[in-house]
**Q** 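The structure's right below; bear with me while I get my questions together.
The sequence lines fix the lettering, A, B, ..., with proteins before strands; numbering per chain opens at 1.
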Amino acid sequence: MTKLIQIIALAACGLTACAPAPYIDLRAKVTPAFIASVTTPMVLIELPHAPYAATAVPVAANGPVTTWATPDAITLSMINGVVTATRGMGTDLMHSDIDGTVAALVGGPRAYDRRFSYQNAENQTVLRAQRCTMSGPADQALTLYGTTYAAQMWTETCTGNDQQTPNIYWTAGGRVVQSQQFIGAAVGPIITETIRN
Amino acid sequence: MNGVSQLKQQNGRADVATVWARAMCGVAMAAMLASAAQAQQLSYGTNLRGTPGLIDMPSAHSPADADIGLSYTRFTNTTRSALTFQLTPRLSTSFRYNQLYDIRPGGSASDRAVFDFVFDRSFSLHYRIMDEGRFRPAVAVGLNDFLGTGFFESEYIVASKSLTPDLRATLGLGWGRFGTQGGFDNPLGILSDSFDARGARTASSTGGEVDSIEWFRGDAALFGGLQYRINDRTLATVEYSSDAYPFEDGTAFDVKSPVNVAVSYDLHPGLRLTGAYLYGSEAAINLSYNINPKVRRDGNINNTAPLPVRAQGTGAAASWDAATDPQARGPQTATAAALSEQDITLYGLTLRGDLARVAIVNDTYRTDSQAIGRTARTLTYTLPDSITRYEIVVMRRNLPVVSATLRRSDLTDLEFDADAAFASYARAGIDTSPAAVPPTADPFPRLDFGIAPFISTSLFDPDSPVRLAGGLSLTADLDLTPGLRLSGDIRSKLLGNLDDATRPSNSVLPRVRSEKNIYDREQTTLNRLTASYLFRPGTDLYGRATAGYLEYGFAGVSTELLWAPAGRRYALGAELNRVRQRDFDQRLGLRDYTVTTGHLSAYYDFDDGYFTQLDLGRYLAGDDGGTLTVGRRFDNGWNVEAYATLTDVSFDDFGEGSFDKGIRVTIPFDFLTGQDMRRSRPVLIQPILRDGGARLSVQDRLYPLIEDSRTDDLQRTWGQFWR
């Protein structure tokens, strides 16, 4: 019986080790010296629910989609800064149709559908759909890592796919420079911030 | 990824160091991976018998599809351990071990013998006929101990209805044991006089004989109860039991009242503690744990991201000159290196015209779809754009089992298509009997070794319901030629209480399994050391020959032939082994017992992962008979199966339980840890084994090796192609 208690004790320490430790914001490490050393486009991404933060750089392009990767091989695929797929986050956003969002951010229709697919715990594909409305833009000056943008803030409200909070995009020059976007029920929202264009 | 200095901050993501601790969390605490708590409705718990129900009586609701429940109950002179599996959305199956003390199996007549101790195992079925509606109740029918070999033979029909969101009522009619308290003439007697009487069970300490079927016969009685949810974690239950405990009353404990009360508290999602006061005389405690293979609370297995597709004409395109490199050595080297980064082994690669044929061994990813997808994207980097079609052949060792032929342009076109999971399957050409790809020149001899954790369990031992051991396993595979492999597995136990089992075997048969507890006492063992050869003797035929130290208990020679026609749901196999028992210390020595054992096997796959298997032949103790297995295989590696083995060993010689039966649960290691580790030994939960109906354990049995490439798995899991 003593050994069983040892197992449970080990399990308990395992639980502690698995539990999130106090979160330190990565942004403090993005110093002017670091930014000066950066030679490619770079974004900072944060998953507040994980919690997790990292920088990402472009590693591939396929048509309008650019795939960005973090140093530990998490990728984020975006069209003009709107997330269309993720990899390496566990329950990833596998595929999506986010054309309505991309169009609305450049003046297209304000109401549209979005579609998403995920893999479930049985490794099978699950489909989700949303109805969304875009509101804005509101002019807002935005300073990100030493660069000031005359940005426009857009708020996208979606129903479906377990989404509770709106997506928010700050655009400048036709591209998203900062955002908070919902990835899925498991991952929650992702925050993106442009470090270098 | 491209040399840029980058930053990262992470917390709470698993690293290698926590993998082992997580695995132990999963099994020992059994708490981290709980199925989603259904906080918004009255939970459908199991009763003290481990079946869907109230306290000691059943109710009509059942758990969510695929739910697996473990239940442990203790009260005076009685211990019950149960494993319940929701085999289909409506059918619950339970397997139960009962330790009964001071029981009088013949009934309450005072001249009947009282047994000090009886070890009883039984199956139950619970089928929900009707779901609850606005006005109508849920209705279920159930059979307990329906093989008639134990002490709990009873049948029931039961209805349950939620009166308010927090209050549920249950009313039922029981037969057999459930017709012994306040019983009345069987209402089914109006159908036929044969329902009026029920034969008395025969008294035996080993669990009796298979009776003639007497379901729903004899007196019937009413039972019922109320369940009230006090808050999200606490449930109170009161019931009227129609089980008078005729075999126990007056010897094991006193039945003073048919009314039972209980309070349940959810310690953690899935983990429930129940305290009850039974029959006006006894306090009982129950601990139950539920887990669902379809739900992984921590999210999906956490892969690193795959390579994105390299679009044609972008990036640094690979080059290949067929004139100077006809064997495609350059592309082979580049592809092997890139696949190895993703823990996929390149077996062979040939280029002809615009087609690349690429054979891979997937020892990492749970689904072959994922290994195929990762390989395809890798090829967009390692092969020139002039190669426009990829045929990716999945190998099991040296046997090609399935292939997918893909157009390179489809990879680019569909990578970010909303319907990519389905469209890419539709456009892939799947072949379940692909032609072989010649191996690349250098893989042989090839040595592969690794250290992986293992967990061994022993369930339902009379002295301890759960025993565990964990440790490290050092495995090495040396492939000398295609098909010929030397393989070894050395285990070192680090912790656990498996060796606490000291109960000596009382078996009168050759002790082929009942002395496993002696084997378990060793710290470091040579678990396996074999030479094996796999081959394809003809179309749809697979062959295997294995010699050496086959498993912890036996060494010898094992041969197998499998006929598995492509595209069919059935397969037939034959296995013949000549083995000798190994020394307890599991080094090189052998004991005196030698046996020839083997089976003819028939396999059939139904839809949605359900399968059945029938084995006929001679078992390790020299007994002849058959095993029927019915199970459900999940696409994430979980496997739950119920089996029953009848052999020519008499029920008395077999001992407790009369014949071998049980539920076996296979838990994939990657589900527990969240890391890709397809090759790690799964955690097997199965009842302790006795000697009758025991089978040899051999690595690389042919049907398990090829089965997930034969069924619809690839289609169901094709979305993994893009992970």
Side-chain angles (χ1 to χ4, degrees), chain A residues 1 3-4 6-8 10-15 17-21 23-24 26 29-30 34 37-40 50-55 57 59-63 65 67 69-75 77 84-85 87-88 90-92 94-97 115 117 119-125 186, chain B residues 1-2 4-14 17-18 21-22 24-25 28-29 32 293-296 298-306 308-311 314-315 366-367 369 412 415-422 468 470 495-497 500 634-636 674 716-720 722-723:
Chain A
M1 200 60 200
K3 287 194 176 170
L4 190 61
Q6 285 171 352
I7 292 176
I8 291 168
L10 178 77
C13 81
L15 280 168
C18 307
Y23 183 64
I24 305 161
L26 184 73
K29 294 186 181 174
V30 187
F34 174 77
S37 75
V38 173
T39 54
T40 65
Y52 170 89
T55 56
V57 297
V59 291
N62 183 357
V65 183
T67 297
T70 69
D72 55 341
I74 283 177
T75 64
S77 299
T84 187
R87 294 293 185 272
T91 309
D92 284 300
M94 294 301 297
H95 292 94
S96 65
D97 176 355
R115 290 190 296 147
S117 75
Q119 293 293 102
N120 67 14
E122 285 187 276
N123 298 322
Q124 296 159 358
T125 302
Chain B
M1 237 167 173
N2 55 1
V4 176
S5 155
Q6 288 209 75
L7 300 174
K8 128 186 123 119
Q9 175 80 47
Q10 69 176 29
N11 285 297
R13 278 166 64 85
T18 61
R22 278 191 173 210
M24 292 309 279
C25 295
M29 285 281 284
M32 283 199 59
K294 296 169 100 171
V295 180
R296 195 164 181 282
D298 288 355
N300 290 353
I301 305 296
N302 206 347
N303 312 118
T304 54
V309 175
R310 186 183 66 82
T314 68
R366 173 56 54 191
T367 60
S369 319
T412 315
E415 185 181 19
F416 296 108
D417 188 299
D419 298 317
F422 308 100
L468 289 172
L495 42 86
N497 63 345
D500 289 356
F634 295 86
D635 290 332
N636 54 13
R716 284 199 304 267
T717 64
W718 191 256
Q720 293 288 103
W722 295 104
R723 284 200 78 198

**Q** Side-chain contact, heavy-atom cut-off 4.5 Å: A:Thr91 with B:Arg296?
**A** no
**Q** Non-hydrogen atoms of chain B under 4.5 Å away: do they reach the side chain of A:Asp97, the backbone, both or neither?
**A**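 Looking at A:Asp97, backbone and side chain both touch chain B.
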**Q** For B:Asp417, which atoms come within 4.5 Å of any heavy atom of chain A: side chain, backbone, both, or neither?
**A** backbone
**Q** Let me know if B:Thr367 has heavy atoms under 4.5 Å from chain A in its side chain, its backbone, both or neither.
**A** side chain
**Q** Given 3.5 Å as the limit, does a donor-acceptor pair link the side chain of B:Arg723 with the main chain of B:Ala305, or not?
**A** no
**Q** For the residue pair B:Thr717 / B:Ser369, report whether a side-chain donor-acceptor contact shorter than 3.5 Å exists.
**A**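 Checked: B:Ser369/B:Thr717 side chains pair up, N/O donor to acceptor below 3.5 Å.
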**Q** Looking at B:Thr412, B:Ile301, B:Thr314, B:Val309, which one has more heavy-atom pairs under 4.5 Å with chain A than the rest?
**A** B:Thr412
**Q** Under 4.5 Å heavy-atom distance to chain B, tell me which part of A:Thr84 shows up: side chain, backbone, both or neither.
**A** side chain
**Q** I'd like to know if the side chain of B:Asn300 pairs up with that of A:Gln119 as donor and acceptor (distance under 3.5 Å, no hydrogens or angles considered).
**A**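 There is no such pair between these side chains.
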**Q** Has the side chain of B:Asn636 got a donor or acceptor atom that lies under 3.5 Å from a matching backbone atom of B:Pro293?
**A** yes
